[in-house]
Engineer: 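This is the structure I want to talk about, given as structure tokens.
Labels below follow one simple rule: chain letters A, B, ... track the order of the sequence lines, proteins then strands, and each chain is numbered from 1. Atom set for the values below is all heavy atoms of this structure, side chains included, hydrogens, waters and symmetry mates excluded.
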Number of protein chains: 2
Amino acid sequence: MSISSRFSVGIHILTLIDFNKEEARSSEYLAASVNTNPAVIRKIMAMLKKAELIEVRPGVAGAKLAKELSDISLLDVYKAVNVVKENELFSMHDTPNPKCPIGKNIQQAIEPLFVSAQLAMEKVLGNITLEDVMKDIAKKENTEC
Amino acid sequence: MSISSRFSVGIHILTLIDFNKEEARSSEYLAASVNTNPAVIRKIMAMLKKAELIEVRPGVAGAKLAKELSDISLLDVYKAVNVVKENELFSMHDTPNPKCPIGKNIQQAIEPLFVSAQLAMEKVLGNITLEDVMKDIAKKENTEC
DNA sequence: TTACATGTAATCATTTTAGTTACAGGATGG
DNA sequence: CCATCCTGTAACTAAAATGATTACATGTAA
């Protein structure tokens with residue numbers, strides 16, 4: 001299993017929108033950079049819009065970031081594109097046998113441990129911003145896109 | 001998406017084996033506690049055996065832990081049941097456009113960030129042992145199983 | 001009104017998961 | 001030795017999720 005690439009594509013889109021802030025780019029343009037279908041991009045952009053990370057108008061090319069790059073964390077994007085449900089990164093097996101002391105109590109014993117592991121991961125994402133990502137990209141390249 | 005329940009079932013199996021260490025239990029017995037099919041249990045036990053967490057003999061009921069509960073971390077189980085590939089908790093979209101400076105560099109920029117988030121999660125799992133789980137269960141119940 | 005954009009539903013192939021059945025082969029006691 | 005119970009494992013299935021694709025309704029603006 002693996003967390004959906006919607007997350008990395010979401011980061012890509014946001015970074016690309018900022019990079020092109022002087023020009024109004026269509027979903028087709030963004031799709032060409034990501035290398036996928038424009039409808040896929042529009043679907044993800046709908047999620048980013050719902051999370052108030054971008055502003056898009058129906059029928060009009062050129063989405064804009066709703067916040068500064070430095071005010072958008074990877075966790076914001078992660079939550080926006082809905083790749084992992086709250087406290088459900090790890091799935092539990094359904095209905096273990098309640099007649100067995102292990103079966104009866106294992107889920108309650110394990111769940112807080114799983115949650116703490118998930119939160120540790122999400123905390124790391126919360127401490128990284130899109131500005132960090134952009135700076136790293138800028139280190140390597142300065143050309144037009 | 002969600003990490004396979006093989007992980008929680010693996011924890012369940014190991015804990016249950018230890019709980020029943022005085023009696024030789026079959027995969028059918030374990031399956032009844034987990035509430036699944038014996039073949040599913042045997043498949044997961046094959047992985048736990050390969051990771052040297054348990055000792056099982058073909059044809060003979062009664063697997064035994066290869067180590068103490070306190071020497072088996074949740075991370076050991078997690079790796080044994082192969083629920084997440086190394087450094088691939090987050091998936092990347094394939095082949096972004098190399099002609100675009102963002103597309104060209106985004107993956108290299110993002111990957112180490114994803115890896116650090118994954119490692120933070122795995123570190124938490126590495127600091128929890130099956131003994132911790134068992135103690136929590138024992139707090140709630142002391143009956144036979 | 002024409003051209004081009006977003007929004008979104010419907011469909012599809014692929015992959016993964018978990019369950020199920022079936023059976024080969026090991027172990028053991030009578 | 002053989003009947004019985006076990007593990008090991010392959011093959012098949014249903015269900016769910018992902019990402020791609022097509023199609024089209026609707027919005028915008030020159």
Engineer: Verify, without hydrogens or angle tests, whether B:E122 (side chain) and A:A117 (backbone) share a donor-acceptor contact under 3.5 angstrom.
Structural biologist: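 Judged by distance alone, no pair lies under 3.5 Å.
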Engineer: Take the protein atom CE of A:M45 and the nucleotide atom P of C:dT8, then report the distance between them rounded to whole Å.
Structural biologist: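 Rounded to whole Å, this separation is 12 Å.
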Engineer: Between B:E28 and B:K43, name the one whose nearest nucleotide on DNA chain D is closer to the 5' end.
Structural biologist: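 With B:E28 and B:K43 compared, the 5'-side residue is B:E28.
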Engineer: For the atom pair CE (A:M121) and CG (B:L119), what is the distance rounded to the nearest 0.5 Å?
Structural biologist: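 Output value for this atom pair is 12.0 Å.
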Engineer: Let me confirm one number: the CG-NE2 distance from B:N105 to A:H12, rounded to the nearest 0.5 Å.
Structural biologist: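 If we round to the nearest 0.5 Å, B:N105:CG and A:H12:NE2 are 10.0 Å apart.
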Engineer: Of A:I3 and B:S26, whose closest DNA chain D nucleotide lies nearer the 5' terminus?
Structural biologist: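 Its nucleotide being nearer the 5' end, the pick is B:S26.
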Engineer: Can you classify the ring geometry of B:F7 versus A:F114 as parallel (below 30°), tilted (30 to 60°) or perpendicular (above 60°)?
Structural biologist: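 Rings of B:F7 and A:F114: parallel, as their planes differ by under 30°.
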Engineer: Below 4.0 angstrom, which residues in residues 85-93 of chain A have at least one non-hydrogen atom near DNA chain D?
Structural biologist: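 DNA chain D contact set from residues 85-93 of chain A: none.
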Engineer: Please round to the nearest 0.5 Å and tell me the distance separating atom CD1 of A:I106 and atom OG of B:S8.
Structural biologist: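 If we round to the nearest 0.5 Å, A:I106:CD1 and B:S8:OG are 8.0 Å apart.
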Engineer: Between B:S2 and A:S27, which is nearer to the 5' end of DNA chain C once each is assigned its nearest nucleotide?
Structural biologist: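 On the 5' side of the pair lies A:S27.
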Engineer: Can you measure B:R42 atom CZ to C:dG26 atom P for me and round it to whole angstrom units?
Structural biologist: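 Going from B:R42 (CZ) to C:dG26 (P), I get 16 Å.
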Engineer: Rounded to whole angstroms, how far apart are NZ on B:K50 and P on D:dT9?
Structural biologist: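 So the NZ-P distance, B:K50 to D:dT9, works out to 10 Å.
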Engineer: Atom CD1 of A:I44 to atom P of D:dG19: distance rounded to whole Å?
Structural biologist: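 Atom CD1 in A:I44 sits about 8 Å away from atom P in D:dG19.
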Engineer: Please find the pair of heavy atoms, one from A:N127 and one from A:D132, that lie closest to each other, and give the distance.
Structural biologist: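 Nearest heavy atoms, A:N127 then A:D132: O-OD2, 4.2 Å.
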